[in-house]
Each structure stands twice: as structure tokens, then as C-alpha cells.
Amino acid sequence: MPVKSSRDLKEVDALIVPGGESTTVMKLLDRFSLDRPIVARVRAGMPLWGTCMGMIVAAREVAEVEQPTLNLIDITVRRNAFGRQNESAEIDLPIAALGDPPFPAIFIRAPWIERCGLGVELLAQRDGHGVMVRQGNVLATSFHPELSADQRVHRYFLGMLSKQGKKTAAA
């Protein structure tokens with residue numbers, strides 16, 4: 001279900017912030033008064049998963065850019081770190097939490113993680129940079145699992161939701 005209002009937000013048990021343009025999304029979250037309610041729900045335990053741009057929105061800070069974020073996971077990210085659109089790639093990415101085989105991770109103008117704070121679990125790396133992390137009820141991936149037929153990252157997130165005692169149908 002799309003979340004476009006605080007009323008919509010009250011109806012979901014978890015939230016996925018997908019790819020897109022992070023500065024625009026932050027402006028829209030502010031304009032529609034969703035930024036503070038999202039932060040409050042996540043800090044109260046609602047699972048959140050940020051993919052690519054969603055990782056940037058969820059991060060504590062963005063390297064070398066003055067950009068607002070929701071500050072939901074203690075990481076510093078670098079925008080477009082893996083290059084421009086024509087440098088997008090699908091990489092067989094080992095992710096121990098998912099088991100074998102490696103995950104077919106699709107990177108499109110993806111960020112990478114430059115710093116993980118205490119309590120942040122580094123789940124996957126590419127070229128020495130974090131690309132999948134978790135801190136409590138917040139998951140972040142710099143790649144796009146939704147573009148792959150492999151559903152293991154989705155199942156991992158749903159497992160986070162079920163551990164919170166929530167219904168998985170709303171995710």
C-alpha cells in the first residue's frame with residue numbers, strides 16, 4: 001500500500017522506502033508532514049527498509065553534502081558512489097545472513113556506506129564498502145533487491161516484521 005499521508009502510515013506495520021531521488025523525497029516528506037511521524041513510528045519499533053535512495057533517506061548523514069535525512073540508522077553514506085547510470089551492474093554478492101548462493105545484487109547509481117556506527121550490523125560489502133546493513137528494526141541496502149527474482153532479502157525483511165509480532169500482509 002502506498003503511504004502518502006499520516007493516516008496511511010497508521011495503517012501499515014512496516015515501511016519500505018524505495019529508490020528515487022533523495023533530496024526530492026525528503027522535501028516531499030517534509031511538505032506532507034510525514035518525516036516526523038515516520039521517525040516516531042520507526043523509533044517505536046516499526047520495521048523500515050531503505051533501498052538505494054531509501055538507504056540515503058534513512059542514514060544519519062550523507063558524506064560531503066548538506067542534506068537532511070531521517071537519521072534512523074547510524075551510517076554515513078556517499079551518494080552515487082559506484083558511478084553513473086552507465087556504470088550500473090549486477091553483482092553476485094555474498095550475504096551470509098541469506099546463505100548460498102550469492103545474491104544477484106543490482107546496483108544503479110548506488111550509494112555505499114562510508115561509516116557504520118556502534119550497533120550497526122554490516123551484512124554485505126562490495127569493493128570494501130558496506131552495501132547492506134541492519135540496526136535493530138532498520139534494514140538498508142544500496143542495491144535493488146526488488147529488481148531480482150531472488151526474494152531472499154524480502155524474506156529477511158519479512159522475518160524482521162514477524163519478529164516484531166506484526167502481520168506480514170501489510171508489508
Check the orientation of Trp49 and His154. Use parallel for under 30°, tilted for 30 to 60°, and perpendicular for over 60°. perpendicular
How long is the span from the CZ atom in Phe143 to the OG1 atom in Thr51, to the nearest 0.5 Å? 9.5 Å
Spacing of Lys10 atom NZ and Ser5 atom OG [to the nearest 0.5 Å]: 9.0 Å
Would you call Val77 and Met55 a side-chain contact if the rule is heavy atoms closer than 4.5 Å? yes
Flag side-chain contact, heavy atom, 4.5 Å: Met160 against Arg134: yes
Hey, could you give me the CE/CZ distance between Met26 and Arg31, rounded to the nearest 0.5 Å? 13.0 Å
Donor-acceptor pair, distance only, cut-off 3.5 Å: does the side chain of Asp8 make one with the backbone of Lys4? yes
Flag side-chain contact, heavy atom, 4.5 Å: Ile73 against Val133: yes
Between Asp13 (side chain) and Met46 (backbone), is there a donor-acceptor pair under 3.5 Å? no
Answer whether the closest heavy-atom distance between the side chains of Val57 and Thr69 falls below 4.5 Å. no
Can you tell me if Arg79 uses its side chain to pair, donor with acceptor, with the backbone of Ala110 under 3.5 Å? no
So CG of Leu139 and CG of Leu123: to nearest 0.5 Å the spacing works out to 7.0 Å
Of all the heavy-atom pairs spanning Cys116 and Ile113, show the shortest one and how long it is. SG-CG2, 3.7 Å
Taking side chain as C-beta onward, heavy atoms only, is Met132 less than 4.5 Å from Phe103? no
Which salt bridge (charged side-chain N to carboxylate O under 4.0 Å, His left out) pairs, counting each pair once, include a residue from residues 67-78, with sequence neighbours left out? Arg60-Asp74, Glu64-Arg78, Asp74-Arg115, Arg78-Glu114
With a 4.0 Å cut-off on N to O distance, would you call Lys27 and Glu21 a salt bridge? no
Compute both the distance and the angle, then confirm whether Arg126 meets the cation-pi test with Phe107: under 6.0 Å from the six-membered ring centre, within 45 degrees of the axis. yes
Are side-chain heavy atoms of Pro102 and Leu93 found at a separation under 4.5 Å? no
Check: Glu146/Ser148 side-chain N/O donor and acceptor closer than 3.5 Å: no
Atom CD of Gln151: over 12 foreign heavy atoms under 6.0 Å: no
Tell me if a side-chain donor or acceptor on Thr76 pairs with a main-chain N or O of Ala63 at a distance below 3.5 Å. no
Determine whether Leu70 and Leu29 make a side-chain contact, defined as any pair of heavy atoms from C-beta on separated by less than 4.5 Å. yes
Under 3.5 Å, is there a donor-acceptor pair between the side chain of Ser142 and the main chain of Pro111? yes
Does Arg43 CZ have over 12 foreign heavy atoms under 6.0 Å away? yes
Hey, could you give me the CZ/CZ distance between Arg155 and Arg152, rounded to the nearest 0.5 Å? 7.5 Å
Could you check if a side-chain atom of Phe157 sits within less than 4.5 angstrom of a side-chain atom of Pro47, using non-hydrogen atoms only? yes
If we ignore angles and hydrogens, is there a donor and acceptor under 3.5 Å between the side chains of Ser22 and Gln67? yes
